[in-house]
Amino acid sequence: MKILIDIGHPAHVHYFRNFIRIMEQKGHRFLITARDKDVAHSLLKNYQIPFFTRGKGKDNLFDKFFYMIKADLLLYKLSKNFKPDFFMSFSSPYAAQVAWFFKNPHIAFTDTETATLGNYATIPFSNVVCTPTCFKCDLGEKHICFDSYMELCYLSEKYFKPNPSALDMINIKNGETFTILRFVSWKANHDIGHKGLSMENKIKAVKEFSKFGKVFISSEEKLPDTIKKYQIRIPTDKMHDIIAFASLLYGESATMASECAVLGTPAIYIDNDGRGYTDEQEKNFKLVYNFTESLEDQERSIQKGIDLLSQKLLKKTWDFRRKKMLATKIDPTSFMVWLLENYPDSVRALKNNKDHFKKKVEVC
């Protein structure tokens, strides 16, 4: 079987890398295309996954339209030579549209309810759209669900064990209190109309959390001189080791908040729209705290961080909650393997019985 996967974001590398490895061991072949977004290319190189670049992409809607034409043409040319049997992506309109042209199946994954533009450009050209069961929208007859989170594709105990030696890179001892702050650029399609944390409150959060231990900032945007010295500088593949040992994650990234949830690190997530998975992680498991972008909520979110950092046995409490959550979730990578190797019977089985896969594969 030959499979083309399009990567649009660094997180997508993690979503598919174990799937690629397992399927290659089974004799399947891959062609990977990837946008030059943040550290996506360096992650692919680090995991020794060959790929073709499709450039940096565009930020405004007008330029995005012409970029889509360019990206579609690139994937068309590559596909004409590679002749894939399947196309896969995390809601990539380019992979979906080219798959539709060649009359090949496109299997899309998504967990972002606010990615309206991306869904409009992807779902009509896809055969299947897979989301976590906590996804808050109905995507129609092509929509199937799996009871897990995308972050368990790579942070499940089957695939990942945090390495405490990574703490040496930031001069932290195992067990020492420290906080990671994550700020995003707000340039994605689903970020239109969002501004995130005010700079005043970013600076305030650094000041308040520094009273409990060291603070490190991961930011997609350039930082002002007042907090630039806190910017973390580590190899891209070591961030998961770092956040696994952190006392708190505070910021604007839903993905990193969910990563912390599955690793047992308290997380505070700021976004007006929220996500189905971070909502579930708060409501059902008390692993994440969600706040809006209002100035009042920003103030409350900082106070929540102070309250959490003041607690004794914080990490032990979160580890207990994490184990409770993991006991309810399947391995999404195994789900991907089963879905493709048994397609289209796998899709029919899931539509007839949403728990069909659970009966066949052990939970994480």
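The first residue in the sequence is number 1, and the count goes up from there.
- Note: Asn119 CG to Cys137 SG = 8.0 Å, rounded to the nearest 0.5 Å.
- The list of side chain to side chain donor-acceptor pair (under 3.5 Å) pairs with a residue in residues 164-176, not counting sequence neighbours, reads Asn163-Ser165.
- With contacts defined as side-chain heavy-atom distances shorter than 4.5 Å, the pair Phe125/His106 does not qualify.
- The backbone N or O of Ala246 lies less than 3.5 Å from a partner atom in the side chain of Lys315, making a donor-acceptor pair.
- Side chain to side chain, Gln311 and Asp307 fail the donor-acceptor criterion of an N or O pair below 3.5 Å.
- Within a 6.0 Å sphere centred on NZ of Lys214, heavy atoms belonging to other residues, nucleotides or ligands number more than 12.
- Put simply, the side chain of Thr112 never gets that close to the backbone of Ala115: no donor and acceptor are under 3.5 Å apart.
- Residues Leu339 and Cys130 meet the side-chain proximity criterion, which asks for heavy atoms closer than 4.5 Å.
- For the residue pair Ala205 and Tyr250, the shortest heavy atom distance occurs at CB-CE2, 3.9 Å.
- Atom CD1 of residue Ile180 and atom CD1 of residue Ile232 lie 4.0 Å apart, to the nearest 0.5 angstrom.
- Each of Ile7, Leu44, Leu43, Ile5 was evaluated against Ile49; a single residue qualifies, Leu44, per the side chain to side chain contact (heavy atoms under 4.5 Å, CB included) test.
- Of the residues Phe109, Tyr15, Phe16, the one that meets the ring-ring contact (aromatic ring centres under 6.0 Å, His included) test with Phe90 is Tyr15.
- Nearest heavy-atom pair across Leu197 and Lys202 is O-CE, 3.6 Å.
- Ala254 and Tyr269 get closest at one heavy-atom pair: N-CE1, 3.3 Å.
- Of the N and O atoms on the side chains of Asp36 and Thr53, not one donor lies less than 3.5 Å from an acceptor on the other residue.
- No continuous path of hydrophobic side-chain contacts links Phe245 to Leu313 [ILVMFWY only; heavy atoms under 4.5 Å].
- Residues Tyr67 and Tyr120 do not share a hydrophobic cluster, defined by chaining ILVMFWY side chains whose heavy atoms lie under 4.5 Å apart.
- Without hydrogens or angle criteria, Thr265 side chain to Ile243 main chain gives a donor-acceptor distance under 3.5 Å.
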Evaluate the criterion ring-ring contact (aromatic ring centres under 6.0 Å, His included) for residue pair Tyr343 and Phe86; output intermediate values, then yes/no. CA-CA 10 Å; Tyr343 184 90; Phe86 283 94; 5.3 Å; yes
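- With contacts defined as side-chain heavy-atom distances shorter than 4.5 Å, the pair Asp6/Arg54 qualifies.
- Aromatic ring orientation, His240 versus His14: perpendicular (interplanar angle above 60°, classes split at 30° and 60°).
- Using a 4.0 Å cut-off between a side-chain N of Lys or Arg and a carboxylate O of Asp or Glu, Arg300 and Asp297 qualify as a salt bridge.
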Test log, rule side chain to side chain contact (heavy atoms under 4.5 Å, CB included), inputs Lys26 and Glu341: CA-CA 10 Å; Lys26 289 171 171 279; Glu341 289 196 322; 3.1 Å; yes
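- Side-chain atoms of Asn104 do not come within 3.5 Å of backbone N or O of Phe87 as any donor-acceptor pair.
- Residue-environment remark: CD (Gln48) stays at or below the threshold of 12 foreign heavy atoms within 6.0 Å.
- Residue Leu249 comes nearest to Cys260 through the heavy atom pair CB-SG, 3.5 Å, listed as atom of the first residue, atom of the second, then distance.
- Counting heavy atoms from C-beta on, the side chains of Phe160 and Leu263 come closer than 4.5 Å.
- Here the CG atom belonging to Leu295 is positioned 7.5 Å from the CD atom belonging to Glu299, to the nearest 0.5 angstrom.
- With hydrogens and angles left out, the side-chain atoms of Ser253 and Thr255 include no donor and acceptor closer than 3.5 Å.
- Residues Pro84 and Ser79 share a closest heavy-atom pair of CD-O, 3.5 Å.
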Stepwise salt bridge (Lys or Arg N to Asp or Glu O under 4.0 Å) test for Arg348 and Asp345: CA-CA 5 Å; Arg348 285 194 289 265; Asp345 292 340; 2.3 Å; yes
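- The 12-atom threshold is exceeded at OH of Tyr159, counting heavy atoms of other residues, nucleotides or ligands nearer than 6.0 Å.
- Scanning both residues, Ser148 and Pro132, for their nearest heavy atoms gives O-CB, 3.2 Å.
- Counting only distance, with no hydrogens or angles, the side chain of Glu221 and the backbone of Phe183 share no donor-acceptor pair below 3.5 Å.
- In this structure the side chain of Thr33 never reaches within 4.5 angstrom of the side chain of Tyr94, judged on heavy atoms.
- The distance from atom CD of Glu208 to atom CD1 of Ile306, rounded to the nearest 0.5 Å, is 4.0 Å.
- Using a 4.5 Å heavy-atom cutoff, the side chains of Tyr154 and Val13 are not in contact.
- Taken to the nearest 0.5 Å, the CD1 atom of Ile242 stands 7.0 Å off from the CE atom of Met169.
- At least one donor-acceptor pair closer than 3.5 Å links the side chain of Lys142 to the backbone N or O of Pro124.
- Taking a cutoff of 4.0 Å between a charged side-chain nitrogen and a carboxylate oxygen, Arg275 and Glu280 do not qualify as a salt bridge.
- A salt bridge links Glu157 with Arg322: the distance from a Lys NZ or Arg NE/NH1/NH2 to an Asp or Glu carboxylate oxygen falls below 4.0 Å.
- Looking at Thr333, its side chain does come within 3.5 Å of a backbone N or O of Cys153 through a donor-acceptor pair.
- The local environment of NZ in Lys354 is sparse, with at most 12 non-hydrogen atoms from other residues, nucleotides or ligands closer than 6.0 Å.
- Ionic pairing of Asp319 and Lys316 is not present here: no N-O contact between side-chain nitrogen and carboxylate oxygen is shorter than 4.0 angstrom.
- In this structure, the side chain of Arg321 does not engage the main chain of Leu287 through any donor-acceptor pair within 3.5 Å.
- Using a 30° and 60° split on the angle between ring planes, Phe335 and Trp338 fall in the tilted class, from 30° to 60°.
- Remark: the backbone N or O of Asn272 is paired with a side-chain donor or acceptor of Glu293 at under 3.5 angstrom.
- Side-chain contact of Ser258 with Gln281: a donor-acceptor pair under 3.5 Å is present, judged by distance alone.
- Without hydrogens or angle criteria, Ser247 side chain to Phe178 main chain gives a donor-acceptor distance under 3.5 Å.
- Between Tyr76 and Gln97, the side chains place no donor N or O within less than 3.5 Å of an acceptor N or O (distance only, hydrogens not considered).
- Looking at heavy atoms from C-beta onward, Glu151 lies in side-chain contact with Asp111 at the 4.5 angstrom threshold.
- How far CZ of Phe320 is from CZ of Phe285: 12.0 Å, rounded to the nearest 0.5 Å.
- Contact annotation: the side chain of Leu74 never approaches that of Phe52 to less than 4.5 Å [non-hydrogen atoms, C-beta and beyond].
- For NZ of Lys351, the number of neighbouring non-hydrogen atoms (other residues, nucleotides, ligands) closer than 6.0 Å is greater than 12.
- With a 6.0 Å radius and a threshold of 12 heavy atoms from other residues, nucleotides or ligands, Phe101 has its CZ atom at or below the threshold.
- Leu139 shares a hydrophobic cluster with Ile123, Val129, Phe135; the chain of contacts runs through ILVMFWY side chains whose heavy atoms sit under 4.5 Å apart.
- Sparse packing is recorded around NZ of Lys324, with 12 or fewer heavy atoms of other residues, nucleotides or ligands lying under 6.0 Å away.
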